[in-house]
Amino acid sequence: MSTLVTGISELVTHHPELGSLTDAALVHADGLVRWVGRAADAPPADTRVDLGGRAVVPGFVDSHAHLVFAGDRSAEFAARMAGQAYDGGGIASTVAATRAASDDDLRALLAARVAEMRAQGTTTVEIKSGYGLTVDDERRALRLAGEVTSETTFLGAHVVPAGAARDAYVRLVAGEMLAACAPYARWIDVFCEPASPHAFDADEARTVLEAGRAAGLGLRVHGNQLAAGPGVGLAVELGAASVDHCTHLSDADVDALAVGDTVATLLPGVEFSTRSPYPDARRLLDAGATVALATDCNPGTCFSSSMPLMIALAVREMGMTPAEALWAATAGAARALRRSDIGVIAPGMHADLTVLDAPSHLHLAYRPGVPIARALECSGA
Ligand code: NIG
Ligand code: FE
């Protein structure tokens, strides 16, 4: 069953030859894009959808989110707005609430968060564990995440849990916990941040990442969020797919990101919600690094599921053009997940399409906070 989509005022494909088209149309069938071009040249199809002059962009790829959690940290947010600094210590309260929640409670919370994302144009989401921090609770988080996405990430090395000895916990994460979680995870991630007393230093992070790689997982790193440090260098050295945050970078970090194939994933909702200086996207782009944008949706540093907000912040606060920010939120984030089947609209790619109640992609940054983006249902239709 094929569907012809017409009435597309602007079609942003991110495909090197197709570029952006006006007065465009596309055909999709069985979940894949089959044809893209000018409306006047459109081939016949079994059914037809007229978007009435709206823009279509690749579905947003949210390559960094922590959605399996219970509890509420709005009071911590209010304290931060009153001047208290973020250091990761609040993660412990989410861990306690998450351990206490039933599978069904967590499943319902997760489903609501994924639906919220989809309603704002996100078609792929990566979901991390990291609020269980025991063998059983981490494996449970990944099992539940795997019910809604194939992009599951084991983050047992989020923080050292209360009452645990640091070296014993690193051994547990790299040993028994990894063995239990690897069957449910595609990726492994570490919060490598020596500036936080709760997170992990370079040696600890290396131990966990090397064990994850030996278990067949791809590598991701939370790095350089609170201060300059070893996260970026380690991620590039180990060939991680992505290093995320990148808020405080040395010249050597920027150079490493420019030559390596590790994507720099920027999470501007974190700087917004922790009232911190934004990462310097311009410096990374001008150096030739690949930049992605993601929400980091989590209860501590950014409880926003909105990729359009991240695009607007990247444009308004980080010196990215609207086109660069949209690319980073789609094709760039697909690279951060090492995916070549999403983030671009072209024949053979997944028909993951986002429609804007607007004539062009410029409105994503031009109309901040306005719900103009939604995912178009194309799967199998
Ligand atoms: O990506 N930086 C570490 N982890 C999360 C925050 C987790 C939390 O505070 O609950 C982040 O910002
Ligand atoms: Fe995160």
Side-chain angles (χ1 to χ4, degrees), residues 62-81 84-99 109 113 125-133 137-138 141 145 151-162 187-201 204-205 208 219-227 229-232 235 240-248 263-276 278-279 292-305 307 310 313 333 336-337:
D62 193 345
S63 58
H64 184 143
H66 309 245
L67 303 185
V68 190
F69 69 87
D72 181 289
R73 282 161 64 194
S74 51
E76 180 190 321
F77 170 77
R80 223 166 28 238
M81 292 302 103
Q84 203 171 92
Y86 176 84
D87 76 348
I91 292 172
S93 84
T94 301
V95 169
T98 304
R99 286 179 184 167
L109 289 164
R113 290 168 189 148
V125 61
E126 179 261 19
I127 301 178
K128 302 175 195 298
S129 66
Y131 292 117
L133 308 187
D137 289 299
E138 285 295 300
E151 300 296 344
T152 51
T153 300
F154 169 46
L155 181 59
H158 198 184
V159 287
V160 179
W187 303 99
I188 187 165
D189 193 344
V190 181
F191 186 13
C192 178
E193 191 76 53
S196 161
H198 311 284
F200 299 89
D201 68 20
E204 294 162 342
V208 170
L219 310 186
R220 328 186 65 74
V221 175
H222 280 71
N224 302 57
Q225 173 188 2
L226 304 175
V232 168
S242 181
V243 55
D244 301 37
H245 287 287
C246 294
T247 310
H248 300 273
V263 173
T265 299
L266 309 183
L267 310 166
V270 170
E271 282 71 35
F272 180 81
S273 296
T274 57
R275 194 174 281 142
S276 305
Y278 289 92
L293 287 170
T295 63
D296 198 10
C297 183
N298 77 81
T301 58
C302 176
F303 197 8
S304 171
S305 54
M307 288 295 282
M310 304 311 138
L313 289 173
L337 293 173

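When a ligand or atom number is given, it counts from 1 through the structure's own listing order.
- For atom 7 (C) of ligand 1, the nearest protein heavy atom (residue, atom name, distance) is Y131 OH, 3.2 Å.
- Not close to ligand 1: E193, with no non-hydrogen atom less than 4.0 angstrom away.
- The ligand atoms of ligand 1 that sit less than 4.0 angstrom from a heavy atom of H64 are 1 (O).
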Item to complete: Quick one: do R80 and T274 satisfy side-chain contact (heavy atoms from CB on, under 4.5 Å)? Show the steps, please.
Response: CA-CA 7 Å; R80 223 166 28 238; T274 57; 3.8 Å; yes

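- Within the structure, ligand 1 has D296 among the residues with a heavy atom less than 4.0 angstrom away.
- Within the 4.5 Å cutoff, side-chain heavy atoms of H245 are placed close to those of V270.
- The line from OG1 of T98 to NE2 of H66 is 12.0 Å long, rounded to the nearest 0.5 Å.
- The protein atom (non-hydrogen) at minimum distance from atom 12 (O) of ligand 1 is T301 OG1, 2.7 Å.
- If you take CG on N298 and NZ on K128, they are separated by 10.5 Å, rounding to the nearest 0.5 Å.
- In this structure, H222 and H158 have tilted ring planes: the angle between them lies in the 30° to 60° band.
- Among all non-hydrogen protein atoms, the one lying nearest atom 4 (N) of ligand 1 is H158 NE2, 2.8 Å.
- Closest heavy-atom approach to atom 6 (C) of ligand 1 within the set F69, Y86, F191: this belongs to Y86.
- Of the possible polar contacts, one joining the E204 side chain to the D201 backbone as a donor-acceptor pair under 3.5 Å is found.
- Between T265 and L267 the shortest side-chain heavy-atom distance falls below 4.5 Å.
- Considering both main-chain and side-chain atoms, Q225 comes within under 3.5 Å of ligand 1 through a nitrogen or oxygen pair.
- For the Fe ion (ligand 2), the set of protein N/O/S atoms nearer than 2.8 Å consists of H64 NE2, H66 NE2, H222 NE2, D296 OD1, ordered by chain and number.
- To the nearest 0.5 Å, atoms CG (L226) and CZ (F191) are separated by 5.0 Å.
- One finds the OG1 atom of T295 at 3.5 Å from the CG atom of D62 (value rounded to the nearest 0.5 Å).
- In this structure, R113 forms a cation-pi arrangement with F69, its terminal cationic atom sitting closer than 6.0 Å to the ring centre and no more than 45° off the ring axis.
- Here H245 has side-chain heavy atoms under 4.0 Å from ligand 1, and that is the only part of it that gets that close.
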